[in-house]
Amino acid sequence: VNLMKMKEYLPIFGLILIILVSGCTNKTPKTNSYDGVVINEFSSDDLSLESGDSTSLYLEVENVGGVDAKNVRAYLFGIDGWNVTPSADITIGDLRAPDMTMNTKGEIASRTWDITAPSIPQGVESPFPIEARVVYQYKTTSSSKINLYSEYEWKRLSDKGQLSQSNMLPIDNSNGPIHVTVQGPSDYEIR
């Protein structure tokens, strides 16, 4: 067999997937108020393709956060020149958060893209890093208690040393991916 002929049949380029995996799968529900929707799997049927070959990309996401995720969408990056079906931007929808009272995991969803490799010159091998990104909306709240004292009460508590000496306000955050902290005294005098 002619060695040059064999080289023509070797893959022209390799498909490199950047797999964004965050979190892990457990039998019992796992929540982390700083996480939200995580990518459990981002993979391909093939690791190398020739020009014009097709493959599928598989994405699985899970809500492991403390709040429901709304309008979840997934995007592909690094696909310039590739033919992508249905499109590089896929709607996933809403994903429920884990329910610790019912001992249930957060909602899981999966999507698949069919992609066709672009044409590149024969004999050229080129990596194409493809990434997936997931975006979503969520609702989170933050609250703090601030003590307001009259001038008389301020002086009385100050003389007793009973006013807060902390410069960090106590904040109660809901279980969303973003948490708020506020610096400043929790005791204020009203004049």
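In what follows, residues are counted from 1 in the order of the sequence shown. The model shown is predicted, which means the values in this text are computed figures rather than measured ones.
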task = Nearest 0.5 Å please: distance from the NZ atom of Lys155 over to the NZ atom of Lys160.
result = 13.0 Å

ask   = Are Ile92 and Tyr58 joined in one hydrophobic group, where the rule is that I, L, V, M, F, W and Y side chains link up if heavy atoms are under 4.5 Å apart?
value = no

key: Exercise: identify the closest heavy-atom pair between Ala97 and Gly65   = CB-O, 3.6 Å

inquiry  = With a 4.5 Å cut-off on side-chain heavy atoms, are Ile130 and Leu57 touching?
reply    = yes

query = Between the main-chain N or O of Val37 and the side-chain N or O of Tyr136, is there a donor-acceptor pair closer than 3.5 Å?
reply = yes

message = Using only atom types and a distance under 3.5 Å, with no angle test, would you say the side chain of Asp159 pairs donor to acceptor with the backbone of Arg156?
response = no

query = Roughly how far, to the nearest 0.5 Å, is CG of Asp114 from CH2 of Trp82?
reply = 12.5 Å

ask   = On the ring face of Phe77, is Arg133 found with NZ or CZ under 6.0 Å from the centre and within 45° of the axis?
value = yes

inquiry  = Are Tyr138 and Lys70 packed together at the side-chain level, in the sense that at least one heavy-atom pair is separated by less than 4.5 angstrom?
reply    = no

query = Going by atom types alone, do Ser87 and Asp89 pair a side-chain donor with an acceptor below 3.5 Å?
reply = no

inquiry  = Please report the interatomic distance CG(Asn83) to CD1(Ile115), rounded to the nearest 0.5 Å.
reply    = 9.5 Å

key: Rounded distance (nearest 0.5 Å) linking atom CD1 of Ile90 with atom CG of Leu76   = 6.5 Å

task = Would you please say whether a donor-acceptor pair under 3.5 Å links the side chains of Thr116 and Ser54?
result = yes

ask   = Can you check whether Asp46's main-chain N or O pairs, donor with acceptor, with Ser44's side chain at less than 3.5 Å?
value = yes

inquiry  = In the structure I gave you, are the side-chain heavy atoms of Leu49 and Thr55 within less than 4.5 Å of one another anywhere?
reply    = yes

query = So do Glu62 and Glu107 actually touch side chain to side chain, heavy atoms under 4.5 Å?
reply = no

key: Asp80 atom CG, over 12 foreign heavy atoms within 6.0 Å   = no

task = For the residue pair Val134 and Ile39, establish whether any side-chain heavy-atom pair is separated by less than 4.5 Å.
result = yes

query = Is there side-chain contact between Asn71 and Asp94, with heavy atoms separated by less than 4.5 Å?
reply = yes

Considering all heavy atoms, the nearest Pro118-Gly81 contact = CB-O, 3.1 Å

Minimum side-chain heavy-atom gap Leu95-Val61 below 4.5 Å = yes

ask   = Is any side-chain heavy atom of Asn63 closer than 4.5 Å to a side-chain heavy atom of Val72?
value = no

ask   = Say you draw a straight line from CD of Glu131 to CZ of Phe42; how long is it, rounded to the nearest 0.5 Å?
value = 8.5 Å

ask   = Rounded to the nearest 0.5 Å, what separation is found between the CD1 atom of Ile108 and the CZ atom of Arg96?
value = 10.5 Å

